[in-house]
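A short write-up of the structure that comes next.
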Amino acid sequence: LQGEWCLKDKSILELGSGVGFLGISLMKSTKLKKLIMTDHHQSVLNVLEENVRSNEIPKDTYEIKLLDWEKENTITDIRPIDMVIGSDIVFDSRIIPGLVSTLKKALQIAEIGIIANVQRNQDTISEFQNCLSNHDLDFNVEVFDKEQMLLYQITNKT
């Protein structure tokens, strides 16, 4: 990735946290200021909460919030955030407009977004990249693991 992005003492918003693997791993390995973990299904959030508790993550270092990219949302109440992250969240072209709109709003507060994704379908990847451009978001992509893993660094155009 371009630039040095130290996670220590950062407030991070995670989109599509699922059961919490990425977020819990970050909280166990890095001294984050705060991690705000989000998903759009309450049942997933319940499992996420249990997984965070089972891993003995201090309550003052995280929040778990409902965030549905398809609905009008107010990222502004999720403050402050330095960075937005997501892992394996670009897989269905139907969710891309809502995801990118949510990213755009979050990047009005945060400095950068980092999205890691497996390349399943080239059309979906192309649609994601076109949508990022259409929302005036700059992005760089690094390719890993024999072109199967994509790592996006996303910022607002300045």
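In what follows, residues are counted from 1 in the order of the sequence shown. Not measured: the values here are computed from a predicted model. Just the heavy atoms: all of them, side chains too, but no hydrogens, waters or symmetry mates, feed the values below.
Around CZ of R53, the count of heavy atoms belonging to other residues, nucleotides or ligands within 6.0 Å exceeds 12. Atom CD of Q122 sits in a crowded spot, with more than 12 heavy atoms from other residues, nucleotides or ligands closer than 6.0 Å. In this structure, K28 places its NZ atom where more than 12 heavy-atom neighbours from other residues, nucleotides or ligands lie under 6.0 Å away.
Taking CD1 of I36 as the reference point, atom OG1 of T61 lies at 11.5 Å (rounded to 0.5 Å). Separating the CG atom in N121 from the CD atom in E127 is a distance of 9.5 Å, to the nearest 0.5 Å. Separation of atoms NZ (K71) and CG (L66) is listed at 7.5 Å; rounding is to 0.5 Å.
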Query raised in the report: Stepwise, does the salt bridge (charged side-chain N to carboxylate O under 4.0 Å, His left out) test hold for R120 with D88?
Result: CA-CA 10 Å; R120 293 179 180 88; D88 205 24; 2.8 Å; yes

Report task. Apply the test side chain to side chain donor-acceptor pair (under 3.5 Å) to residues Y62 and E14: give CA-CA distance (whole Å), side-chain angles for both, the deciding distance (0.1 Å), then the verdict. Result -> CA-CA 11 Å; Y62 73 93; E14 183 183 10; over 6 Å; no

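A side-chain donor-acceptor contact under 3.5 Å links D92 to the backbone of R94. A donor-acceptor pair under 3.5 Å is formed between the side chain of D82 and the backbone N or O of S11. In this structure a side-chain-to-backbone donor-acceptor pair under 3.5 Å is present from S17 to T38. A donor-acceptor pair under 3.5 Å is absent between the side-chain atoms of N156 and the main chain of L137, judged by distance alone. The closest donor-acceptor contact from the side chain of D39 to the backbone of G18 lies under 3.5 Å.
For D9, there are no salt bridge (Lys or Arg N to Asp or Glu O under 4.0 Å) partners, not counting sequence neighbours.
Looking at every heavy atom in both residues, M27 comes nearest to M37 through CE-SD, 3.7 Å. Nearest heavy atom pair, residue N117 against residue I89, reads OD1-N, 2.9 Å.
Under 3.5 Å, the side chains of Q42 and N46 contain a donor-acceptor pair of N or O atoms.
Taking the six-membered ring for Trp and thresholds of 30 and 60 degrees, Y152 and F139 have ring planes inclined between 30 and 60 degrees apart.
Counting side-chain heavy-atom gaps under 4.5 Å among Ile, Leu, Val, Met, Phe, Trp and Tyr, the cluster of V47 also holds V19.
Of the residues L151, I154, I12, the one that meets the side chain to side chain contact (heavy atoms under 4.5 Å, CB included) test with I114 is L151.
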